[in-house]
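Written below as structure tokens is the structure these notes are about.
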2 protein chains.
Amino acid sequence: METSETTAISDLWEMLQQGPRRTLAQAAVDEFGKRGFHATTTRHIAERIGMSPAALYIHYPSKADLLFTIAKIGHEAVLNESLAAVEGISDHHERVLSFVRTFTAWHAVNHLLARVIQYELHSLQPDHLKEIAAIRRRTADFAAEEFRHLVSDTSKLRMRTVACLSLSIDVARWYVPGKSPAPEELGAEYAQLVIAMLRS
Amino acid sequence: METSETTAISDLWEMLQQGPRRTLAQAAVDEFGKRGFHATTTRHIAERIGMSPAALYIHYPSKADLLFTIAKIGHEAVLNESLAAVEGISDHHERVLSFVRTFTAWHAVNHLLARVIQYELHSLQPDHLKEIAAIRRRTADFAAEEFRHLVSDTSKLRMRTVACLSLSIDVARWYVPGKSPAPEELGAEYAQLVIAMLRS
DNA sequence: AACAGCTAACTAAGCGCTTGCTTACCTTGC
DNA sequence: GCAAGGTAAGCAAGCGCTTAGTTAGCTGTT
């Protein structure tokens, strides 16, 4: 075959056509994810890709805007992958399994990006945060809608949704590539745990 | 009665006798918790308690040392409260319930301090981190030992321990005092979820 | 009662350095 | 010859932290 099957999997950065804008964003994710937004300087990011600090400002108006771009791409990616994960599945139980597997594995594979989008919200400018919050709400609402079919007591749906998402999101905090379980393994195991939580 | 019963509950800051050293630490927790360590300046902390930035350096050798002091107090507090929660209880099931209730409620009540000790580890100096990591290991080992009695498949103990602790730790990320459930209510609910996860 | 002597606690001012970002200029491929 | 994409140098502002000096309260002696 001409193109491998893996390239067919949605590329996180597809909305940024390849070029210096994408290279900068990817470098920034690594730095922001490891040190945090405020501890990372424009010199750190530039140094990592062998450019001068001034290069950043050709492609982004500010460091804050670079963070916003990353946050937007990350949040849209995790939402789209979640929606795609349940597409074509009719059984409620299977839909939840597939969603949690994907959502969890995403936070393991992209744990540096996940750290940025989950733990750097307070570093966003107010207008940027507002736009990001809207995407987050869509993701949370989607999860609650999927979980609803497995929770008998409706009054507990909200708290359980938060709890189930917590499980996967917190993966970004502790995940260490070589040391932690493989993303798919983790996703499969966590999917079982979420089912247990929802049905209890 | 002369002294109220509530004052008998272990004070987080008891190892810092009351005075400017404690006042500074408490102010720093609020600022670090809301904005993050690197986004917080010594001027922010000083302003909050109506002092000059120089006052900090009479009581702490550096901003980094102030973070370390906070991290140490926080980690020791959560460990001690966890140990105290199971004291005198013999039934394994009841011990786990009490531990998770306490551990979860602590992260809700002290969510700003919890954010600092859980999400600012990378802001600690290497030597400081080493000392903090030792306390964290004791807490994790304690939890695993308690959970062991409820997990039938021993090979899954490690991953499930991480998952169960994740649930409570992540509370610090999203908890909003007036809006979120009361700490005890949350603790009781999460304790049930942890039991469901461990037994599944 | 008066007062020197000491200490703990604090401030005003500012130093040296780093930060995000700008400017003026250079290079390369069409 | 002209965009597109880059750099070297550096600016204004803000950073952690220091210095020199002030203030309030306690203590022992007369």
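Letters A, B, ... mirror the listed sequences (proteins, then strands); counts begin at 1.
Rounded to an integer number of Å, the gap from CZ of A:F37 to C1' of C:dT19 is 12 Å. Between the CG atom of A:L66 and the P atom of C:dG20 there is a distance of 11 Å, given to the nearest Å. Summarising the geometry, the separation between CD on A:E31 and P on C:dT19 is reported as 12 Å, rounded to the nearest angstrom. Residue B:Q17 contributes atom CD, which lies 13 Å from atom P of C:dA8 at whole-angstrom precision. Between the OH atom of B:Y60 and the C1' atom of C:dC10 there is a distance of 16 Å, rounded to whole Å. Atom OH of A:Y57 is separated from atom P of D:dC11 by 17 Å (rounded to the nearest Å). Regarding A:L56, its CG atom lies at a distance of 10 Å from the C1' atom of C:dG20, rounded to whole Å. D:dC15 atom C1' lies 15 Å from atom CD of B:E47, rounded to whole Å.
Ring geometry, B:H92 versus B:H149: the interplanar angle falls under 30°, so the pair is classed parallel (tilted spans 30 to 60°).
Residues forming a side-chain contact (heavy atoms from CB on, under 4.5 Å) with B:A46 (at least two apart in sequence, or on another chain): B:P53.
Considering only heavy atoms from C-beta on, A:Q118 stays 4.5 Å or farther from A:D170 through its side chain. Taking 4.5 Å as the limit, some side-chain heavy atom of B:C164 sits within range of a side-chain heavy atom of B:L198.
Using a distance-only test at 3.5 Å, with no hydrogens or angles considered, a donor-acceptor pair links the side chain of A:K63 to the main chain of A:F37.
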Could you list, one pair per line, each protein nitrogen or oxygen that sits under 3.5 Å from a nitrogen or oxygen of nucleotides 5-9 of chain D, together with the distance?
residue, atom, partner, partner atom, Å
D:dG6, OP2, A:H59, NE2, 2.8
D:dT7, OP1, A:S52, N, 3.3
D:dT7, OP2, A:S52, N, 3.0
D:dT7, OP2, A:S52, OG, 3.0

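Residue B:R48 qualifies as enclosed at atom CZ: its count of foreign heavy atoms under 6.0 Å is above 12.
In terms of position along DNA chain C, the nucleotide closest to A:H44 lies nearer the 5' end than the nucleotide closest to the other residue of the pair A:P61 and A:H44.
Between the side chain of A:R43 and the base of C:dG20 there is at least one donor-acceptor pair of N/O atoms closer than 3.5 Å.
Note on B:T40: only backbone sugar-phosphate atoms sit closer than 4.0 angstrom, heavy atoms only; bases stay farther off.
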